[in-house]
Amino acid sequence: MTTTVATVKGGEDGTDSPYALSHLDALESEAVHIFREVAGEFERPVILFSGGKDSIVMLHLALKAFAPAAIPFTLLHVDTGHNFPEVIEYRDRTVEKHNLRLHVASVQDYIDRGALKERPDGTHNPLQTVPLTEKIQSERFDAVFGGGRRDEEKARAKERVFSLRDEFSQWDPRRQRPELWNLYNGRHAPGEHVRVFPLSNWTELDVWQYIAREGIELPDIYFAHERDVFARNGMWLTAGEWGGPKDGETVEKRLIRYRTVGDMSCTGAVDSDAVTLEQVITEIAASRLTERGATRADDKMSEAAMEDRKREGYF
Amino acid sequence: MSTITTEELSATTLLRFATAGSVDDGKSTLVGRLLHDSKSVLTDQLEAVEHASRNRGQDAPDLALLTDGLRAEREQGITIDVAYRYFATPRRRFILADTPGHVQYTRNMVTGASTAELTVILVDARNGVVEQTRRHAAIAALLRVPHVVLAVNKMDLVDYQEPVFAAIAEEFTAYALELGVPEITAIPISALAGDNVVDPSANMDWYGGPTFLEHLETVPVTHDLSHCHARLPVQYVIRPQSAEHPDYRGYAGQIAAGSFRVGESVTVLPSGRKSKISGIDLLGEPVDIAWTTQSVTLLLEDDIDISRGDLIVPAKDAPATTQDIEATVCHVADAALTVGHRVLLKHGTRTVKAIVKDIPSRLTLDDLSLHPHPGQLVANDIGRVKIRTAEPLPVDSYADSRRTGSFILIDPSDGTTLTAGMVGESFAAPEPVKDEADDDGWDF
């Protein structure tokens, strides 16, 4: 026996309209809308560009949003000094290809002049916040695009698309503006700025599918290659001048690839033989680990590591 | 997940839905089960939850820790704000606006529902339709969410009896239809035991409908263009001024409703100037037709003055412009909204000065009665508002267009988002409250 009150239909035929967008088209259109809102409402926007896949997708979307004109934004890279050479090479080539202007905020500069101290663990990732926020202040950037996605981490799931930061770049999760419809509110006082996340609603898989669909070039380290690595905290790290391997850690040659790109000291590689986009997508779809869980040591420092860093001004 | 091919992944559509939660109705369990059973909770996330639960001395993993992402939320065991979650099945991708169920429910639910195509309203099968259920239904109706799911939860605690479900479904359906909710699907579930959430329940063979997830996967994502007025709020004017494109002048924006075709006659509001579409660029590629939620660039035959904030509409279907807006609003800020309040109003891509001329009524969500002339609206209040704008705006009725019929009010002093507005009549004002102050007119 079936119950009769279960469904009251509104006269639809039960199928998606031919005008429904595919999920990638819907995400793309939403991100482009966000870029154009910022271009229309802010004076000095900047895109955080690390040469990682999320910022590469952001740049690609920005280029499409303003085509055939140039994008009305500059780029900013917070250089930890522990970069993968392939990524820096990609960064510089991309900047030149699109005739963009790149600002660099350098962690090493801060360390060299004594404004920041090296950490005992050698990682520079948590040190990025000060150079980033000071650069935002000195250049008077009023909108800062970040490639952060809400699926990355549970504190990020609470992040707004337009996220107001005070004059110290701090995030206060309890005082966020509700975001209604697609009416983003970018009002801010002098000295404050807005972090803008056009990829908020994208997942790691969406990013990879979009890269495949659009034929976007990536740095080689995203694909399987042989590399000298050593194990630390359950991750494969690349040996380098930043302080690894230490005593008792042995270097071995493995077939690996990176799921994220960041500071070499805390970004781990995963074992992989995926050399094409199709293989990478298949691998991620089957993975039982999140992107950050697999590869980021800095998120494991405490239960609220991401929230705490975001409060301080991290992106 | 490993069996999904790349092609299948690309062919999917996106469904945005919201949950309407009240305390103890099992919403966290339902969300947790959806994420878990759709394999969206990965090993390291589960390990983190198990680790944190053990540290607190709990025996079993507390799945609420999966969703409560902030320090204060974990410390106090409450959910502070809307969070957005993502999961996918081979048939569809989902964005879930997970709205908390504590006292600040109204603004949070309004926020979540504003972008949702479907709202889930949970009830406890033991309690049936309660005040909170009626509030949720009223908000879903106000926000005109196209699909509503009534999830009758905890069926395991009523021995999976059909009459219990049927009575609740019937009562709710009658109530929600009266409010104007266009489509209601009632599903008997047990989020805890997993009945009818992802897999069909062996305990309720009397139920012939889809499981909860199956319904989410198959509910049509509708863009019924034939009944829509085409609208393009101009976001940005693209002028390359390059050697390659010396004369290119394109009006970029996301189509808010309907569709546009090359060759169509259009009017630009508020100026009223007319032209014809000479080309449409879809992110760099020329197309003949473009439709709602696509971000496009329109090229016009005539070189007329158009800038950010203007609205391009078909010449045969232009809305009237007005400086006097009547709307149903939900006040979302902590400070009150009062008569005489000077605000900014953002509608589409245009932000104008405005003044709150009158607050004719406040809606009591419990029984949907109208409280006349409340004097002010405080956080989470829903009420009718009359607003005078400094410039004429081409507004649609929210009933016709969720995008061009909505607006937000902003505090000009500190930028706070004050109020969410929906233009025109709402179900909540079947007989408009007589406004005695109306005789004064609208002159400044």
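Naming: A, B, ... by sequence-line order, numbering from 1 per chain.
With a 4.5 Å cut-off on non-hydrogen atoms, A/Asn201 touches chain B through its backbone and its side chain both. Looking at A/Ala189, there are no atoms closer than 4.5 Å to chain B (heavy atoms on both sides), in backbone or side chain. The contact between B/Leu143 and chain A is made entirely by side chain atoms (from C-beta outward), counting heavy-atom distances below 4.5 Å. Heavy atoms of A/Glu30 lying under 4.5 Å from chain B belong to its backbone as well as its side chain. For B/Asp414, the part sitting under 4.5 Å from any heavy atom of chain A is the backbone (N, CA, C, O) and nothing else. Using a 4.5 Å cut-off between heavy atoms, A/Arg160 contacts chain B through its side chain alone, with no backbone atom that close. B/Ser413 does not touch chain A: none of its heavy atoms, backbone or side chain, sits under 4.5 Å away. Of the two parts of B/Val149, neither the backbone nor the side chain holds a non-hydrogen atom closer than 4.5 Å to a non-hydrogen atom of chain A. Proximity to chain B (any heavy atom under 4.5 Å) is shown, for A/His33, by both the backbone and the side chain.
Salt-bridge check for B/Arg308 with A/Glu37: passed, with a basic side-chain N closer than 4.0 Å to an acidic carboxylate O. Using a cutoff of 4.0 Å between basic side-chain nitrogens and carboxylate oxygens, A/Asp206 and B/Arg93 are scored as salt-bridged.
For B/Tyr236 and A/Phe35, the distance between ring centers is not under 6.0 angstrom.
A donor-acceptor contact shorter than 3.5 Å is absent between the side chain of B/Ser114 and the backbone of A/Leu180. Here the side chain of A/Asn185 pairs no donor or acceptor atom with the backbone of B/Ile410 at under 3.5 angstrom. B/Trp291 contributes a side-chain N or O that, together with a main-chain N or O of A/Tyr19, makes up a donor-acceptor pair within less than 3.5 Å. Judged by distance alone, the side chain of B/Thr111 and the main-chain N or O of A/Glu179 form no donor-acceptor pair under 3.5 Å. Side chain of A/Arg177 to main chain of B/Gly415: a donor-acceptor pair is present (N/O by atom type, distance under 3.5 Å, no hydrogens or angles).
With a 4.5 Å cut-off on side-chain heavy atoms, B/Gln254 and A/Ser29 count as touching. Looking at heavy atoms from C-beta onward, B/Leu283 lies in side-chain contact with A/Val32 at the 4.5 angstrom threshold. Looking at B/Lys346 and A/Glu41, their side chains come closer than 4.5 Å, going by heavy atoms from C-beta outward. Residues B/Gln294 and A/Asp25 are not in side-chain contact: their nearest non-hydrogen atoms beyond the backbone lie 4.5 Å or more apart. Using a 4.5 Å cut-off on side-chain heavy atoms (C-beta onward), B/Leu344 and A/Arg187 make contact. With a 4.5 Å cut-off on side-chain heavy atoms, A/Arg36 and B/Thr297 count as touching. Contact of the A/Leu27 side chain with the B/Leu14 side chain is registered, since non-hydrogen atoms from C-beta on lie closer than 4.5 Å. Put simply, the side chain of A/Leu183 reaches to within 4.5 Å of the side chain of B/Ser406, judged on heavy atoms.
For B/Glu171, the side-chain contact (heavy atoms from CB on, under 4.5 Å) test picks out B/Val129, B/Arg134, with sequence neighbours left out. Listed by chain and number, the residues in a side-chain hydrogen bond (donor to acceptor under 3.5 Å, both in side chains) with A/Tyr222 amount to none (sequence neighbours excluded).
Taking OH of B/Tyr84 as the reference point, atom NZ of A/Lys158 lies at 10.5 Å (rounded to 0.5 Å). The distance from atom OG1 of A/Thr203 to atom OH of B/Tyr86, rounded to the nearest 0.5 Å, is 9.5 Å.
Here the shortest heavy-atom pairing between B/Ile238 and A/Pro68 reads CG2-CD, 4.3 Å. Contact record, A/Trp181 with B/Thr115: O-CG2, 3.5 Å, taken as the closest heavy-atom pair.
For the options B/Gly253, B/Ala116, B/Ser295, heavy-atom pairs under 4.5 Å to chain A are most numerous at B/Ser295. With respect to chain B, the highest number of heavy-atom pairs below 4.5 Å among A/Gly186, A/Ala67, A/Ala157 belongs to A/Ala157.
Few gaps surround CZ on A/Arg44; more than 12 heavy atoms of other groups in view lie less than 6.0 Å from it. Crowding of A/Glu214 atom CD: a count of heavy atoms from other residues, nucleotides or ligands under 6.0 Å exceeding 12.
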Full working for side-chain contact (heavy atoms from CB on, under 4.5 Å) between A/Leu21 and B/Thr13: CA-CA 7 Å; A/Leu21 304 186; B/Thr13 49; over 6 Å; no

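A donor atom on one side chain and an acceptor atom on the other are found under 3.5 Å apart for A/His23 and B/Thr12.
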